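Report on the structure given below.
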Amino acid sequence: MKDNVKLMKGNEAIAMAAIRYGCDGYFGYPITPQSEVLETLEAQMPWETTGMVVLQAESEVASINMVYGGAATGKAVMTSSSSPGVSLMQEGISYLAASELPALIVNVMRGGPGLGTIHPSQSDYFQATKGGGHGDYRLIVLAPSTVQEMADFVSLGFDLSFKYRTPSMILADGVVGQMMEKVVLPEQRPRRTEEEIRRQCPWAATGKDNGRTKRNVVTSLELDSAVMEKNNERFQRTYKEIEKNEVRYEAKYTEDAEYLIVAFGSIARICMKAIEDARKEGVKVGIIRPITLWPFPYDAIREAAANVKGILCVEINAGQMIEDVRLAVSDSVPVRHFGRMGGIVPNPNEILDALRRDFIDKPANAKED
Amino acid sequence: MTREEIIRPENKVYSRPRLIDDNYMHYCPGCSHGVVHKLVAEVIDEMGLEDKAIGIAPVGCSVFAYNYIDCDWIEAAHGRAPALATAASRLNPDKVVFTYQGDGDLAAIGSAETIHACTRGENIVMIMINNGIYGMTGGQMSPCTILGAKTATSPYGRRTDLNGFPLKVSNVVALLDGTCYVTRQAVHTVQAVRKAKNAIKKAFQNAIEKKGTSFIEIVGTCSSGWKLTPEKSNKWMEENMFPQYPLGDIKDTSKGLEEKTVEVKK
């Protein structure tokens, strides 16, 4: 086991895990802070070992459309980028969702808006969880907080994506992408055979082979409104299933908590330090870390918040997930946001200060400002 | 002769290709798409590629190509067909992938994907119908609209000072090292149809033999967009389009691409 422990960056772990998952193809374009995904894949040359295709595309627009083309043939394909690049991919992601294609998209977030900064951020929460592209669709959104989770969520993302025939996204932040940590990589799995692909994806455009007489057409276009509404209803049924089955989160110190922190990704770990410091001072703080940002753990947060005096939502942005946290508790508990922007990651003291300022030092009957 | 007598098998002299469906075609009378669809279907059938062909449909009039030609299809976002084809081809090297696009789709919004698929030398067939207009959206100017041509967005005729020059996309991709075969054809006469079919066949053969990217431009008519009868459209095309877009092979490297590995000196 010890031999399997490696030290690497989160971005490198994504690349290594993709090869080991038996991913069929990666299509990407360089952008800081995620370029190590493509760099690692090119250096590993998986086309020599597993047969995985790796291609540096001419743009993020081309990357996501290559993913679309590959996914339409039933292959397990992925791309990765960072915020501005993922904005460019939104049209393609909408097409993937509408054509019910499995695919994995990795966003190692940097600060925006615009060209913004190359430093870490979580400001694409809305884009990832509320749509991003046009039309009524959802993405399965996984938020890793460790390099280990970067590796693990590649297979989880692909598996969920194939199970529900809908694209999934790993929404990492620049911290998790760039930091180095110990990681145990998954075992090498073989890529699926052509027979397995045809069994798993009878809808795929593979050429009318194996005696198939009816042609397969992968499209998101339907001009008959009655049929298009039926298609949309089918998508929504899938999303309901995912909401029912796939909510994932981590809860710590919630049993006796007087205050609750909700945070995802790298900042959740910094919050853990703040929580431990608070507990040393006798202030009981707990944390819910959503692992799936969609489907969002509304019930878990509502239950954990039943006996708390306040919830602090800590995000590396101006306050985006806080809207879902408020929905979870229907504003029955005061919910405040703390975050930094522009690529600045809050430290534990700032988080603890925010807890004190918003809740601990505030008399229970104090007027809202 | 009654209808029943006429449709007896022994009287049959012609039928639609086996791989063209019985679906009602949405193309306007006089449109070139129907003929080119027929040629693609015939070539796939004659070359025995029914179980290998994967078509990539565009956005534009031929968006519904998948309703007519009986092979597997993937419908692309506007302009992105070459990107889809790149992945479909690389991930399925034993298949034959072709794109079917119009000039608005390929030469405007899809120009980057076109240039890069061609310069990478993807082993695909690219077919572009150039009728110099956006037909589906109601006859707007395209990059390939010839100078002087009146469209919905160049109502007084295309002018270089306002709209720049027509994009001769075949000549551009012929300059790229990744293309092995670039030709400009038409389908307005029986002779032209035969030549176009041979070109399409050659392109599919190149893809099978992995010789690089084959690019076929077919100068076609858009009677509705041009606001001319089908007969007058053909005449207008010959008189006005062909001088700008002369027919014939632009590039043909029968050997295919040479793989190059260059060691750069330190």
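Each chain gets a letter, A, B and so on, in the order its sequence line appears, and its residues count up from 1. What you see is a predicted model; the values in this text were computed from it and never measured.
Atom CD of B:Glu113 sits about 6.5 Å away from atom CG of A:Asn65, to the nearest 0.5 Å. The distance from the CD atom of B:Glu50 to the OG1 atom of A:Thr213 is 9.0 Å, given to the nearest 0.5 Å. One finds the CE atom of A:Met66 at 10.5 Å from the CG atom of B:Leu91 (value rounded to the nearest 0.5 Å). Atom-to-atom distance recorded for B:Ile74:CD1 and A:Thr73:OG1 is 6.0 Å, nearest 0.5 angstrom. From B:Asn92, atom CG reaches atom CD1 of A:Ile197 across 7.5 Å, with rounding to the nearest 0.5 Å. To the nearest 0.5 Å, atoms CD (B:Glu75) and CD (A:Glu222) are separated by 12.0 Å.
By the neighbour-count criterion of 12 heavy atoms within 6.0 Å, atom CG of B:Asp177 is sparsely surrounded, having that number or fewer from other residues, nucleotides or ligands. Around the CD atom of A:Gln188, the shell of radius 6.0 Å holds more than 12 heavy atoms that belong to other residues, nucleotides or ligands. A:Asp136 CG: 12 or fewer foreign heavy atoms inside a 6.0 Å radius. Residue B:Lys210 qualifies as enclosed at atom NZ: its count of foreign heavy atoms under 6.0 Å is above 12. For A:Glu233, the CD atom counts as densely surrounded, since its 6.0 Å shell holds more than 12 non-hydrogen atoms of other residues, nucleotides or ligands.
No side-chain heavy atom of B:Phe64 sits less than 4.5 Å from a side-chain heavy atom of A:Thr219. Between A:Glu194 and B:Asp94 the shortest side-chain heavy-atom distance does not fall below 4.5 Å. Residues A:Leu55 and B:Arg90 meet the side-chain proximity criterion, which asks for heavy atoms closer than 4.5 Å.
In this structure, the portion of A:Ala204 lying under 4.5 Å from any heavy atom of chain B is its backbone and not its side chain. Residue B:Ala85: no heavy atom, backbone or side chain, is found under 4.5 Å from chain A. The part of B:Ile69 that comes within reach of chain A is its backbone (N, CA, C, O), which places non-hydrogen atoms under 4.5 angstrom from that chain. For B:Ala88, the parts sitting under 4.5 Å from any heavy atom of chain A are the backbone and the side chain alike. Using a 4.5 Å cut-off between heavy atoms, A:Leu223 contacts chain B through its side chain alone, with no backbone atom that close.
Across all non-hydrogen atoms, the minimal contact from A:Gly69 to B:Ala87 is C-CB, 4.3 Å. Considering every non-hydrogen atom in both A:Ala62 and B:Ala83, the closest pair reads O-CB, 3.8 Å.
The candidate from B:Val59, B:Val96, B:Asp70 with the greatest count of non-hydrogen atom pairs under 4.5 Å with chain A is B:Asp70. Ranked by heavy-atom pairs shorter than 4.5 Å toward chain A, the options B:Ile115, B:Ile56, B:Asn67 are led by B:Asn67.
Between the side chain of B:Lys95 and the backbone N or O of A:Thr206 there is at least one donor-acceptor pair closer than 3.5 Å. Although no hydrogens or angles enter the test, the distance criterion places no donor-acceptor pair under 3.5 Å between the side chain of A:Tyr68 and the main chain of B:Ala77. With hydrogens and angles ignored, the 3.5 Å screen pairs no side-chain donor or acceptor of A:Lys208 with any backbone N or O of B:Leu49.
B:Asp72 pairs in a side chain to side chain donor-acceptor pair (under 3.5 Å) with only one of the listed residues (A:Arg212, A:Lys214, A:Arg215), which is A:Arg212.
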Apply side-chain contact (heavy atoms from CB on, under 4.5 Å) to B:Tyr66 and A:Leu221, showing your working.
CA-CA 11 Å; B:Tyr66 56 73; A:Leu221 178 66; 3.7 Å; yes
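Looking at residues two or more places apart in sequence or on another chain, you find a side chain to side chain contact (heavy atoms under 4.5 Å, CB included) between B:Ile109 and B:His78, B:Arg80.
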